[in-house]
There are 2 protein chains.
Amino acid sequence: MQKIHKVKSDAVNMRENPENGMQYLETEDAAAETQLERATEALRDLILRGTFPVDEKLPETRVAELLGVSRTPARLAMAVLEQDGLLVRLPRRGFRVRSFSLDEVVEAIEVRGEVEAIAARVVAERGLHADHCARMEACIGRAEILLKNAPFEAAQRRDWCRMNVDFHDALVTACGLRPLWSAYAKVNLVPLASPRDIMFNVARPELSRRQLEATHEDHARILDAIQARHSTRAAALVREHAYRSGENKRRNFPDIRMRTMVIETPGVALVRPSPAE
Amino acid sequence: MQKIHKVKSDAVNMRENPENGMQYLETEDAAAETQLERATEALRDLILRGTFPVDEKLPETRVAELLGVSRTPARLAMAVLEQDGLLVRLPRRGFRVRSFSLDEVVEAIEVRGEVEAIAARVVAERGLHADHCARMEACIGRAEILLKNAPFEAAQRRDWCRMNVDFHDALVTACGLRPLWSAYAKVNLVPLASPRDIMFNVARPELSRRQLEATHEDHARILDAIQARHSTRAAALVREHAYRSGENKRRNFPDIRMRTMVIETPGVALVRPSPAE
DNA sequence: GGATGAGATTTTGCATGCAAAAAATCCACA
DNA sequence: TGTGGATTTTTTGCATGCAAAATCTCATCC
């Protein structure tokens with residue numbers, strides 16, 4: 001249940017936001033979403049979408065007006081995104097949009113694989129709690145259903161990404177090491193590195209399909225290994241799963257750039273083909 | 001070379017900071033340290049020192065006056081420390097100082113060990129670059145010299161911590177995976193979890209000495225394994241090194257609380273004995 | 001022609017003001 | 001004495017103003 005938060009009626013402090021119809025939404029209970037949070041997510045989205053030229057200065061005035069807020073929350077949001085690694089702070093000159101080399105993306109995926117491998121090993125050693133087991137099995141079920149529909153539409157692509165995120169999140173959550181989750185979350189901030197960032201080749205759906213089937217099989221084997229308490233095997237499978245994902249990214253990236261592939265994956269715009277940083 | 005940055009002479013905007021003698025220092029070159037950065041570090045220090053009661057609200061007015069800045073940079077600093085996990089944001093009620101269970105600290109050290117183990121394995125596989133090798137050997141040399149002086153004074157304790165940080169940082173740097181460094185840095189933000197956070201038992205120096213010698217030997221063996229390209233052995237040694245560190249923390253913690261040990265280690269004040277979060 | 005620098009302009013960083021939300025206080029009444 | 005509600009006080013969140021720094025402009029000089 002949601003309701004419209006009342007807007008200040010004061011003439012001076014009025015900050016109606018013409019280009020942003022829905023605004024001041026907050027949940028009934030207590031999670032009063034502050035302007036800063038919305039601004040942060042909106043800005044993150046804009047950056048990942050490639051709204052701003054990479055490696056160039058991003059003036060806070062521009063951000064403020066794009067987001068329809070004053071400079072204060074805009075600046076706050078930029079500070080947050082700096083911590084997330086999307087922006088770089090220049091001493092007394094504001095912020096710059098950070099770019100990432102494809103190599104760095106692949107490295108991030110590799111590291112994510114290592115982190116998840118730790119989780120898999122620990123879970124396999126300590127045993128998988130029923131809740132998490134159910135959650136992972138549900139993911140595998142969802143994948144099976146999705147795979148039945150031959151050509152993936154946009155909605156199904158979204159569903160597949162969600163399923164994938166859910167599976168990987170469940171794995172890391174299941175191991176119960178909170179600091180491991182922070183590390184996982186941190187690495188996922190690199191564009192294209194998170195389990196959410198799957199690239200679909202729409203021009204040649206059979207290629208994507210092959211990758212999805214491989215993913216599905218990986219997931220099933222990983223869960224199987226964990227349930228069988230094969231910790232080393234589980235870790236190795238997870239590592240390989242991530243390795244494959246990294247290789248896919250590297251292979252698919254040129255296609256993206258050449259527009260034979262949908263660019264719905266957020267963050268693509270921030271990634272440079274390959275050369276040094 | 002440093003110089004005093006000029007202070008605004010405007011009467012209204014004056015913000016002399018009585019309790020903070022040195023101020024407005026900036027390096028000659030270009031790294032103009034902004035007020036926010038100083039505020040952030042100062043606040044981090046205050047929090048880690050236990051200036052504020054844990055799990056209680058921290059009003060931004062208090063922070064602002066303690067730091068001698070206005071509320072704007074104070075709030076900025078608090079936002080940064082929220083990202084670092086030291087503060088928790090309450091929806092519309094500002095921030096709260098976060099506390100950590102001893103279990104979580106030990107978990108963080110365990111995770112750090114895993115991350116460093118990855119680094120060790122990768123470095124051993126790919127080979128250790130001469131620069132990093134020299135840096136790590138230098139650390140081992142420094143440790144040997146320090147260990148010759150029997151009772152550790154405060155200065156030597158500081159030096160030892162620096163040496164330790166240097167060794168561990170060098171290891172993670174050497175592997176060359178930038179995203180691994182982020183994960184490492186993230187985990188190190190948990191109080192008492194970083195290689196800097198060594199607890200010395202001053203009441204019983206022979207205990208600390210034993211631990212230091214063990215650390216020294218670990219370092220030497222780790223470097224040896226890496227140089228010999230024994231990747232699995234290197235990883236195992238690193239893991240064990242961290243495990244030992246975690247156990248030491250757990251064992252030493254009660255002594256700290258009972259004041260038989262110096263509390264110069266930052267962050268001790270944020271750690272609860274053991275119960276749930 | 002290209003470098004140089006004085007002045008104008010923009011942009012950043014911070015302090016402050018103000019309204020809404022939260023917390024504290026007080027008071028009436030049982 | 002304890003409790004509920006209304007009122008006051010405090011605190012948060014944001015917009016804005018202003019000065020210093022950075023950047024740009026353009027005319028001058030070598």
Side-chain angles (χ1 to χ4, degrees), chain A residues 3-17 20 23-24 26-40 42 56-80 82 87-96, chain B residues 3-17 23-24 26-40 42 52 56-80 82 87-96:
Chain A
K3 67 167 183 182
I4 303 294
H5 184 288
K6 81 176 163 188
V7 176
K8 284 184 188 178
S9 51
D10 181 345
V12 175
N13 274 343
M14 201 60 189
R15 45 197 155 79
E16 282 168 346
N17 185 349
N20 182 1
Q23 69 188 114
Y24 292 90
E26 67 176 24
T27 54
E28 191 76 47
D29 46 273
E33 197 178 58
T34 171
Q35 198 158 152
L36 163 62
E37 298 172 57
R38 273 179 300 111
T40 304
E56 274 184 32
K57 257 195 62 175
L58 179 53
E60 61 188 38
T61 51
R62 190 151 145 59
V63 172
E65 71 185 38
L66 264 176
L67 299 182
V69 299
S70 87
R71 286 173 46 223
T72 307
R75 157 188 296 265
L76 256 304
M78 293 172 90
V80 171
E82 182 203 4
L87 294 176
V88 177
R89 178 173 231 121
L90 307 168
R92 265 219 176 239
R93 276 170 291 167
F95 297 88
R96 174 169 67 72
Chain B
K3 68 168 182 180
I4 303 293
H5 183 288
K6 79 176 162 187
V7 176
K8 284 185 186 177
S9 50
D10 180 347
V12 175
N13 274 344
M14 200 61 187
R15 45 198 154 82
E16 283 167 347
N17 185 347
Q23 68 188 112
Y24 291 90
E26 67 175 25
T27 54
E28 191 77 45
D29 46 273
E33 197 179 57
T34 172
Q35 199 158 153
L36 164 62
E37 297 174 57
R38 273 179 300 111
T40 304
F52 311 107
E56 273 185 32
K57 257 195 62 176
L58 179 53
E60 62 188 37
T61 51
R62 191 152 145 57
V63 172
E65 70 184 40
L66 265 176
L67 299 182
V69 299
S70 88
R71 285 172 47 222
T72 307
R75 157 188 296 265
L76 257 304
M78 293 172 89
V80 171
E82 182 202 4
L87 294 176
V88 177
R89 179 173 232 122
L90 307 169
R92 267 227 175 227
R93 274 170 292 169
F95 296 89
R96 174 169 66 73

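Order of the sequence lines fixes the chain letters, A, B, ..., with proteins taken first and strands second; residue numbering starts at 1 for each chain. In this text, all values refer to a predicted model and were calculated from it rather than measured experimentally.
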Donor-acceptor under 3.5 Å (A:Lys57 side chain, A:Arg93 main chain):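 Yes.
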To the nearest angstrom, how far is [X] atom [atom1] from [N] atom [atom2]?
X: B:Glu56; N: D:dT11; atom1: CD; atom2: C1'; answer: 16 Å
X: A:Glu60; N: D:dA15; atom1: CD; atom2: P; answer: 13 Å
X: B:Leu90; N: C:dA21; atom1: CG; atom2: P; answer: 17 Å
X: A:Gln35; N: C:dA19; atom1: CD; atom2: P; answer: 17 Å
X: A:Glu65; N: D:dT16; atom1: CD; atom2: P; answer: 14 Å
X: A:Leu76; N: C:dT12; atom1: CG; atom2: C1'; answer: 15 Å
X: A:Lys57; N: C:dT11; atom1: NZ; atom2: C1'; answer: 6 Å
X: A:Arg62; N: C:dT12; atom1: CZ; atom2: P; answer: 12 Å

A:Arg71 vs A:Leu36, nearer the 5' end of DNA chain D by closest nucleotide: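 That would be A:Leu36.
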Phosphate OP1/OP2 of C:dA21 contacted by B:Arg93 side-chain N/O (<4.0 Å):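 Looking at the OP1 and OP2 atoms of C:dA21, neither is under 4.0 Å from any side-chain N or O of B:Arg93.
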Over all atoms of both residues, closest heavy-atom pair of A:Pro73 and A:Leu36: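 So the minimum-distance heavy-atom pair works out to O-CD1, 3.9 Å.
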Nearest-neighbour nucleotide for the A:Ser70 side chain, C:dC14, C:dT12, D:dT16 considered: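 Among C:dC14, C:dT12, D:dT16, the one nearest the side chain of A:Ser70 is D:dT16.
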Residue B:Arg92, side-chain heavy atoms: nucleotide from D:dA15, D:dG13, D:dA22 that is nearest: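 The answer is D:dG13.
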Residue mapping more 5' on DNA chain C - nearest nucleotide basis, A:Thr61 or B:Thr72: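 Comparing both residues, the 5'-ward one is A:Thr61.
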B:Leu58 side chain reached by B:Arg96 side chain, heavy atoms, under 4.5 Å: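 They are not in contact (no side-chain heavy atoms under 4.5 Å apart), so the answer is no.
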A:Leu76 and A:Thr72, any side-chain heavy atoms less than 4.5 Å apart: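 Yes. Closest side-chain heavy atoms under 4.5 Å.
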